[in-house]
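Heads up, the thing below is written out as structure tokens.
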Amino acid sequence: MSMKTLTPVFVFTTLVLLPLTATTTTIQDLLRSRGLPVGIFPDNVKSYRLNRDGRLEVRLESSCMAEFDGRVYFDRVVTANLSYGGLVGLEGLSQEELFLWLPVRCIIANDPSPGIILFDIGVAHNQLSQSLFEVPPSCMPQEVMIEKFDRKEGFDFQK
Ligand SMILES: *[C@@H]1O[C@H](CO)[C@@H](O)[C@H](O)[C@H]1NC(C)=O
């Protein structure tokens, strides 16, 4: 093929197909491209926006609870600075720790070793296995999650 026939095809691909594929990039694609596991955000992501300064804003259908190792709570809007292998300055995600809900400040991949996902909650660093983040967790209304855990663990939960 000569350059003469190649160029229009290339131009067509760049101008027409690239914007199309860009608009269908999912949050999972984005996370993967930044060296993060695809299952950090739950299964009810409605939309997301990545600002030029690296600030990521993820909108969920609703606030909800999900489970990795313990329970986490996602606000309807979660923001963080996205960098390669990390979400820092997180806002809108909390983790239950000894019956307290503590904000997760950072999520760092492969720290301190490969296959470990670090949740920085200020008072503690939780090291979780990457295998917990292979698929987006299902995110349930708070009431449903509380009931599920109560059954499983037999607590008397004060509502
Ligand atoms: C997140 O990014 C903003 C804008 O670049 C910056 O001002 C802020 O300090 C960053 N926060 C953290 C925790 O890195």
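Order of appearance sets the numbers: ligands from 1, and atoms from 1 within every ligand.
At least one protein heavy atom sits closer than 4.0 Å to atom 2 (O) of ligand 1. Within the 4.0 angstrom cut-off, atom 7 (O) of ligand 1 has no protein heavy-atom neighbours.
One distance of note links CD1 of I27 with NZ of K46; it measures 14.5 Å at 0.5 Å rounding.
Closest to atom 11 (N) of ligand 1, if we only count protein heavy atoms, is N81 ND2, 2.9 Å. Nearest protein neighbour of atom 4 (C) of ligand 1, counting heavy atoms only, is D53 OD2, 3.7 Å. Regarding atom 13 (C) of ligand 1, its nearest protein heavy-atom neighbour is G89 CA, 3.6 Å.
Shortest non-hydrogen contact noted between V78 and L90 is CG1-CD2, 3.8 Å.
Contacts classified as side-chain hydrogen bond (donor to acceptor under 3.5 Å, both in side chains) and involving residues 78-91 (residues at least two apart or in different chains) are given here: R55-T79, R55-N81.
With no hydrogens or angles considered, no side-chain donor-acceptor pair links D111 and Q127 at under 3.5 Å.
Annotation for ligand 1: atoms under 4.0 Å from non-hydrogen atoms of V88 are 14 (O).
Ring pair F119/F133: centre-to-centre distance below 6.0 Å.
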